[in-house]
Number of protein chains: 2
Amino acid sequence: MINKAIPEATVSRLPVYLRSLGDLPATQATCSSEQLASIAGVNSAQVRKDLSHLGSHGTRGVGYNVAELRAQLRQALGLTQGYSVALIGAGNLGTALANYGGFEVWGFEVNAVLDADADKVGRIVGGRPIEKLESLEEIVNERGISIAILATPAAAAQDVADRVVRAGIKSILNFAPAVLQVPQGVEVRRVDLSTELQILTFHLSGEGAV
Amino acid sequence: MINKAIPEATVSRLPVYLRSLGDLPATQATCSSEQLASIAGVNSAQVRKDLSHLGSHGTRGVGYNVAELRAQLRQALGLTQGYSVALIGAGNLGTALANYGGFEVWGFEVNAVLDADADKVGRIVGGRPIEKLESLEEIVNERGISIAILATPAAAAQDVADRVVRAGIKSILNFAPAVLQVPQGVEVRRVDLSTELQILTFHLSGEGAV
DNA sequence: GTATGTGAAGACCTTCACAGCG
DNA sequence: CGCTGTGAAGGTCTTCACATAC
């Protein structure tokens, strides 16, 4: 399997490259590692090494074929198929995510919005009625959900994660400010506002410029 | 300056340790690296090495004093003072962030919500009227804003960032799906939904279970 | 006995610099 | 000549393992 060989650090940059290609003029058929690097904000040797993991073959003296590279990136990232997403937690953030729609372009569709609060069930969010958390397993099976986005309070996050894992989901995007314990084979990515702000203040208060 | 010596990887874990301390029973006065590691989801040697960068001194055979460690973490992260934040872009996500309030606990206060869209100006979001982007510089000076949260569309992000930098802000939390170019001395942290989802699908579609 | 603090080893990541190809 | 692809060098980060201190 080719994927097995791609280092994690490279994987995390592939989506950036893919998006960067979209920033090129539509007329541009070819693109150098130098140019891609400048849009993506990384070193050009990095770009070349990263792309070499895809088995990508640019043309020396010319660069990479934009259309082909885009196809290879989508392939590597598994974006040739669509994904069904469940959003759990319909508070402020959850509601905003349900309405956001910025990732439908990439083939992600929110096919369920769940909440533990019975009072919220039935309310329409992002064009769908909120469903009760108890139906999770059923919904996952029926609608082929493969990704869960957690936007619950921190205190509820671990319980919900356990439930999500029991329902067979292997990919979790966690917005709750908590570190989740999950079994091997389940992948969690954490997006944590407070953490990011605190990293910023570290640099603000500590060393000077640079 | 002590901060200068703290590696970036360590800095990014300090907020997690700080929050993890809050998960301990209120009665617990002392905490081992082992316990902290398990809550924070890292290796215990990592915890010890990270904390040693703070000049922290645990007690051998006992562990770390919880209250003291919390104080040291807050100190290192610059959380002994409050920070005034401007939120730019009052769309779905921006509105949710304005209402969120989950980081006020840590001393961050949203003291301005701005938007480029004249139609939105004056509407109340998170208890404040939306103000026009043109007033940015003035607002930053008047209210001592030191952090900007960007929640604009990707296409506008770079222009807004330029403006924010010109207003003298040195810390940006960027939710727009774009890589920002900023001068040396300005720190940008990117939070990118689509990127995170795509990293998840890489693992879903590629290799099997870990 | 128990848990910290840390040198040393090893894994991983980035950058350089240039050979090689178009 | 220009740009890719990559060995080699140089960093950074993580983990181990144990001396050290309470």
Side-chain angles (χ1 to χ4, degrees), chain A residues 2-14 16-17 20-21 24 28-66 68-70 72-73 76 179 199 202-203 207 210, chain B residues 2-17 20-21 24 28-70 72-73 76 179 199 202-203 207 210:
Chain A
I2 175 176
N3 277 347
K4 192 64 223 170
I6 306 186
E8 210 33 51
T10 293
V11 173
S12 71
R13 279 185 298 267
L14 297 183
V16 180
Y17 297 150
S20 298
L21 290 179
L24 296 172
Q28 191 174 334
T30 203
C31 171
S32 71
S33 61
E34 198 76 52
Q35 188 181 6
L36 194 49
S38 114
I39 302 174
V42 302
N43 180 297
S44 70
Q46 183 95 267
V47 170
R48 293 197 295 279
K49 190 148 276 190
D50 284 343
L51 296 185
S52 78
H53 290 298
L54 301 184
S56 165
H57 286 281
T59 312
R60 296 174 193 226
V62 179
Y64 300 88
N65 178 300
V66 173
E68 193 186 324
L69 180 54
R70 184 180 282 127
Q72 282 178 304
L73 287 167
V179 175
I199 296 172
F202 170 86
H203 294 287
E207 61 224 288
V210 183
Chain B
I2 176 177
N3 277 345
K4 191 67 225 172
I6 305 185
E8 209 36 47
T10 293
V11 172
S12 70
R13 279 185 298 267
L14 298 183
V16 180
Y17 298 149
S20 298
L21 290 179
L24 296 172
Q28 190 175 334
T30 203
C31 171
S32 71
S33 62
E34 200 75 51
Q35 187 181 9
L36 195 48
S38 115
I39 302 174
V42 302
N43 180 297
S44 71
Q46 183 95 267
V47 170
R48 293 197 296 280
K49 189 147 278 189
D50 283 343
L51 296 185
S52 78
H53 289 298
L54 300 184
S56 165
H57 286 281
T59 312
R60 298 178 193 220
V62 179
Y64 300 89
N65 177 300
V66 173
E68 192 186 324
L69 180 53
R70 183 181 281 123
Q72 282 178 305
L73 287 167
V179 175
I199 295 172
F202 171 86
H203 294 285
E207 61 225 290
V210 172

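Lettering follows sequence order; numbering is per chain, from 1.
Rounded to an integer number of Å, the gap from CG of A:Leu36 to C1' of D:dG2 is 17 Å. In this structure, CD of B:Glu68 is placed 14 Å from P of C:dT4, rounded to the nearest angstrom. Rounded to whole angstrom, the span from the NE2 atom of B:His57 across to the C1' atom of C:dA3 amounts to 15 Å. In this structure, the CD atom of A:Glu34 is 18 Å from the P atom of D:dC1, given to the nearest Å. Across the protein-nucleic acid pair, B:Ile6 atom CD1 and D:dT14 atom P stand 14 Å apart, rounded to whole Å. Atom P of nucleotide C:dT4 and atom CG of B:Leu51 are separated by 9 Å, given to the nearest angstrom.
We find the CZ-CG distance between A:Arg48 and A:Leu36 to be 11.5 Å, quoted to the nearest 0.5 Å.
Remark: B:Ser33 is not in phosphate contact with C:dA3, judged by side-chain N or O atoms under 4.0 Å from OP1 or OP2. Contact annotation: A:Tyr64 does not reach the phosphate of D:dG2 (side-chain N/O to OP1 or OP2, under 4.0 Å).
Screening B:Val47, B:Leu51, B:Asn43 against B:Ser33 for a side-chain contact (heavy atoms from CB on, under 4.5 Å) leaves a single residue, B:Val47.
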Checking side-chain hydrogen bond (donor to acceptor under 3.5 Å, both in side chains) for the pair A:Gln72/A:His57: CA distance, chi angles, key distance, verdict? CA-CA 10 Å; A:Gln72 282 178 304; A:His57 286 281; over 6 Å; no
Going through the distances and angles, do B:Val11 and B:His53 end up as a side-chain contact (heavy atoms from CB on, under 4.5 Å)? CA-CA 10 Å; B:Val11 172; B:His53 289 298; over 6 Å; no
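At distances below 3.5 Å, not a single donor-acceptor pair connects side-chain atoms of A:Thr10 with backbone N or O atoms of A:Ile6.
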Going 5' to 3' through nucleotides 10-19 of chain C and flagging B where a protein heavy-atom sits under 4.0 Å of the base, S where only the sugar-phosphate is that close, and - otherwise, we get ---SSBBB--
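Between B:Leu21 and B:Leu73 there is a side-chain heavy-atom pair separated by less than 4.5 Å.
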